[in-house]
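Comments concern the structure below.
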Amino acid sequence: MLAPRNIGWLLRGSDSGENALGLHAWLNDPHATLFRTYLLNAPDGVTLLFTDSNPLLALLVAPLARLAGGDLQVVGPWLLACLILQLSLARALLSPYAPSRVMLWIGVILLALLPSLFLRQVHVNLCAHWLLLWAL
């Protein structure tokens, strides 16, 4: 799931697969414009937003994908990054107020391991709950 070359796990018919397919089409389309690919929904094309892809992540991945060449998926690394950011920001938010390390980590777990985060795993663009903690 974390290996960028491992795309087989995305073929289970979920939004994660559509996300990876839209990004793959945009990265490999020789006629792609900013956030639009013509490999899907021909001849009019489609924007990355309508393929469940993350446009901001696509901009970050585009230079790396051209260097790596071939098939590339970033769904697994994106989920891992979301979990790490969720835990890190929950800890940063609570550390000035926690009376002990045990209470700190109980609070971090309560803030970070939300059921709504894990229920949205198939919708990877909705897993950025760390943005809420960053805002706090």
Side-chain angles (χ1 to χ4, degrees):
M1 188 173 175
L2 294 176
R5 296 275 186 208
N6 182 12
I7 60 172
W9 72 275
L10 294 166
L11 303 175
R12 61 182 180 191
S14 69
D15 281 353
S16 298
E18 290 182 27
N19 180 320
L21 178 65
L23 180 61
H24 177 78
W26 182 72
L27 290 173
N28 293 293
D29 187 352
H31 304 292
T33 59
L34 185 64
F35 300 131
R36 186 171 204 77
T37 180
Y38 295 95
L39 291 178
L40 301 173
N41 197 30
D44 299 325
V46 66
T47 63
L48 282 177
L49 290 173
F50 290 129
T51 64
D52 283 344
S53 296
N54 187 331
L56 296 176
L57 187 61
L59 285 177
L60 294 173
V61 170
L64 300 173
R66 288 181 179 82
L67 289 174
D71 296 335
L72 183 72
Q73 65 88 17
V74 293
V75 176
W78 168 253
L79 286 172
L80 179 63
C82 285
L83 289 174
I84 290 171
L85 286 167
Q86 182 81 1
L87 288 168
S88 301
L89 290 170
R91 186 180 186 287
L93 183 65
L94 295 176
S95 63
Y97 306 106
S100 68
R101 290 184 61 86
V102 172
M103 294 305 290
L104 171 67
W105 285 106
I106 289 173
V108 167
I109 288 170
L110 288 174
L111 274 178
L113 301 179
L114 302 172
S116 59
L117 175 64
F118 293 106
L119 292 174
R120 291 183 174 167
Q121 181 190 355
V122 294
H123 305 286
V124 293
N125 291 332
L126 300 177
C127 288
H129 286 207
W130 53 270
L131 289 170
L132 299 171
L133 293 177
W134 190 17
L136 291 173

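As the structure is a prediction and not an experimental result, all values here were calculated from the model. Counting begins at 1 with the first residue of the sequence.
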Common cluster, Leu59/Leu48, ILVMFWY with side-chain heavy-atom separation under 4.5 Å: yes
Do Val61 and Leu39 belong to the same hydrophobic cluster, where Ile, Leu, Val, Met, Phe, Trp and Tyr are linked whenever their side-chain heavy atoms lie under 4.5 Å apart, directly or via other members? no
Donor-acceptor under 3.5 Å (Gln86 side chain, Leu131 main chain): no
If you take all heavy atoms of Val108 and Arg91, which pair is closest and at what distance? CG2-CA, 3.5 Å
For residues Ala90 and Leu111, report the shortest heavy-atom separation together with the two atoms involved. CB-CB, 3.9 Å
Are Trp134 and Leu85 linked, directly or through other ILVMFWY residues, by side chains that come within less than 4.5 angstrom of each other? yes
Phe50 atom CZ, over 12 foreign heavy atoms within 6.0 Å: no
Same cluster (ILVMFWY, side-chain, under 4.5 Å), Trp78 and Leu27: yes
Separation between OG (Ser95) and CH2 (Trp105), nearest 0.5 Å, reads 9.5 Å
Stepwise, does the side chain to side chain contact (heavy atoms under 4.5 Å, CB included) test hold for Val74 with Leu23? CA-CA 9 Å; Val74 293; Leu23 180 61; 3.6 Å; yes
Distance col, row His24:NE2 vs Thr37:OG1, nearest 0.5 angstrom, shows 9.5 Å
Apply the test side chain to side chain contact (heavy atoms under 4.5 Å, CB included) to residues Ile84 and Ser88: give CA-CA distance (whole Å), side-chain angles for both, the deciding distance (0.1 Å), then the verdict. CA-CA 6 Å; Ile84 290 171; Ser88 301; 4.0 Å; yes
Hey, any chance Leu57 and Val46 share a hydrophobic cluster, counting ILVMFWY side chains that come within less than 4.5 Å of each other, even indirectly? no
Rounded at 0.5 Å granularity, tell me how far NE2 in His129 sits from CG in Leu83. 10.5 Å
For the atom pair CG (Leu114) and CD1 (Ile109), what is the distance rounded to the nearest 0.5 Å? 12.0 Å
Between Asp29 (side chain) and Tyr38 (backbone), is there a donor-acceptor pair under 3.5 Å? yes
OG1 of Thr47 to CG of Leu34: how many Å apart, nearest 0.5 Å? 10.5 Å
With rounding to the nearest 0.5 Å, note down the distance linking CD1 in Ile106 to CG in Leu94. 11.5 Å
Before you tell me yes or no, could you show the steps for Trp26 and Ser53 under side chain to side chain contact (heavy atoms under 4.5 Å, CB included), namely the whole-Å CA-CA distance, both residues' side-chain angles and the distance that decides it to 0.1 Å? CA-CA 10 Å; Trp26 182 72; Ser53 296; over 6 Å; no
